[in-house]
Amino acid sequence: MSTTQSERLRELLEPLVTSQGLDLEEIAVDSVGRKRVLRVVVDSDTGADLDQIADVSRALSATLDETDAMGEGEYTLEVGTPGAERLLTEHRHYVRATGRLVKFQLAEGGELVARILKADEEGLDLEVPGVKGRRPTTRRLGFPDVAKARVQVEFSRKDSKDEKEEEA
């Protein structure tokens, strides 16, 4: 997608997404054979439910039908939320990932897998899982020290409620 088309689409669609109480995270136009697909990724601090996704999809579709932003030819509009292993690129992404396990690529090299305890303007308070029966440790990581960060999927995580019940 050309930068000009991407910018035009963002200018057109972002106010509609914002009016629905959501953030416009990503816009991508992909060609699949002769078909084009416009993918719009939205999110909010509390997540987006199916009703919100449907509402914003209808609003975007109506606006796109009234304009020539997608040019001539057919296209499919897909509106969704970020995937489970989302890349964290904005401050709000880190805030939304509080409590989640994240894999960090460090600016100085190396990797760190830790749970975000708190995100502020300067960086993150993390809990680094203990290894071989050791207790978890805490660590402060400044945003300049992060080259890349991606949420990790956890299949066997205990809820904090379950942990409290075990401690009692």
Side-chain angles (χ1 to χ4, degrees), residues 1-32 35-71 73-105 113-127 140-144 146-155 157-164:
M1 178 168 59
S2 72
T3 303
T4 306
Q5 184 184 24
S6 175
E7 290 168 356
R8 282 182 55 203
L9 285 169
R10 183 167 284 278
E11 287 174 11
L12 178 68
L13 303 180
E14 194 159 32
L16 294 170
V17 172
T18 302
S19 73
Q20 300 286 328
L22 300 170
D23 295 317
L24 178 60
E25 296 292 349
E26 184 180 328
I27 295 175
V29 177
D30 298 316
S31 294
V32 181
K35 295 187 174 195
R36 292 180 303 149
V37 178
L38 171 59
R39 290 186 174 87
V40 178
V41 178
V42 298
D43 202 6
S44 76
D45 289 343
T46 57
D49 63 32
L50 289 176
D51 290 334
Q52 287 177 301
I53 300 286
D55 290 345
V56 77
S57 181
R58 282 189 289 274
L60 297 180
S61 182
T63 299
L64 289 166
D65 288 347
E66 295 169 1
T67 68
D68 67 344
M70 285 298 294
E74 293 182 23
Y75 67 92
T76 301
L77 173 63
E78 293 181 1
V79 180
T81 57
E85 291 188 355
R86 76 172 303 166
L87 191 62
L88 306 177
T89 58
E90 304 283 337
H91 181 265
R92 68 178 178 265
H93 298 163
Y94 290 95
V95 171
R96 291 174 185 162
T98 299
R100 302 285 308 270
L101 195 64
V102 176
K103 183 176 187 178
F104 296 93
Q105 299 289 326
V113 177
R115 189 170 311 284
I116 297 176
L117 299 174
K118 180 183 172 193
D120 59 36
E121 296 302 319
E122 287 81 39
L124 306 162
D125 291 337
L126 306 173
E127 178 184 75
R140 178 77 180 166
L141 187 63
F143 288 120
V146 177
K148 188 175 171 182
R150 184 177 301 275
V151 172
Q152 301 296 291
V153 174
E154 295 180 85
F155 293 106
R157 178 178 178 200
K158 291 183 179 181
D159 290 337
S160 56
K161 183 178 102 179
D162 294 340
E163 290 172 1
K164 289 176 185 172

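As the structure is a computational prediction, the values presented were derived from the model and not from experiment. Residue numbers count from 1 along this sequence.
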*V151: what forms a side-chain contact (heavy atoms from CB on, under 4.5 Å) with it, not counting sequence neighbours?*
R86, L88, A97, R100, V102

*Calculate, to the nearest 0.5 Å, the distance between atoms CG and OG1 belonging to D30 and T76 respectively.*
11.5 Å

*If you measure from CZ on R150 to NZ on K103, what distance do you get to the nearest 0.5 Å?*
9.5 Å

*Fit a plane to each ring of Y94 and F104, take the angle between them on a 0 to 90° scale, and name the class: parallel (under 30°), tilted (30 to 60°) or perpendicular (over 60°).*
parallel

*Search all heavy atoms of I53 against all heavy atoms of A48 and return the closest pair with its distance.*
CD1-CB, 3.9 Å

*Are any side-chain N or O atoms of T63 and backbone N or O atoms of L60, one a donor and one an acceptor, separated by less than 3.5 Å?*
no

*To the nearest 0.5 Å, how far apart are CD in E26 and CZ in R39?*
9.5 Å

_Pairwise distance NZ(K148) to CG(L87) - rounded to 0.5 angstrom_ = 6.0 Å

*Do you know which two heavy atoms are closest between A69 and L9, and how far apart they sit?*
CB-CD2, 3.7 Å

*What pairs with D49 under side-chain hydrogen bond (donor to acceptor under 3.5 Å, both in side chains), at least two apart in sequence or on another chain?*
none

*Closest non-hydrogen atom pair, A119 against T98*: N-OG1, 4.5 Å

_Residue pair D68 / R8, side-chain heavy-atom distance below 4.5 Å_ = yes

*Do the non-hydrogen side-chain atoms of K35 and E74 ever get within less than 4.5 Å of each other?*
no

*asked:* What verdict does the side chain to side chain contact (heavy atoms under 4.5 Å, CB included) test give for R140 and D125, after you've listed the backbone C-alpha separation in whole Å, the side-chain angles of each residue and the deciding distance to 0.1 Å?
replied: CA-CA 5 Å; R140 178 77 180 166; D125 291 337; 3.0 Å; yes

*asked:* If you compare all heavy atoms of V41 against all heavy atoms of P82, which two are closest, and at what distance to 0.1 Å?
replied: CG1-N, 3.5 Å

*Note, H93 side chain near D43 side chain (heavy atom, < 4.5 Å)*: no

Residues 11-23 side chain polar contacts: donor-acceptor under 3.5 Å, at least two apart:
| residue | atom | partner | partner atom | Å |
| --- | --- | --- | --- | --- |
| T18 | OG1 | E14 | O | 2.9 |
| S19 | OG | L16 | O | 2.7 |
| D23 | OD2 | R96 | NH2 | 2.2 |

*Heavy atoms only: give me the nearest F143-D120 pair and the separation to one decimal.*
CE1-O, 3.2 Å

*asked:* A side-chain contact here means heavy atoms from C-beta on lying under 4.5 Å apart; do L64 and Y75 qualify?
replied: yes

*Closest heavy-atom contact between I27 and L24?*
CD1-CD2, 3.6 Å

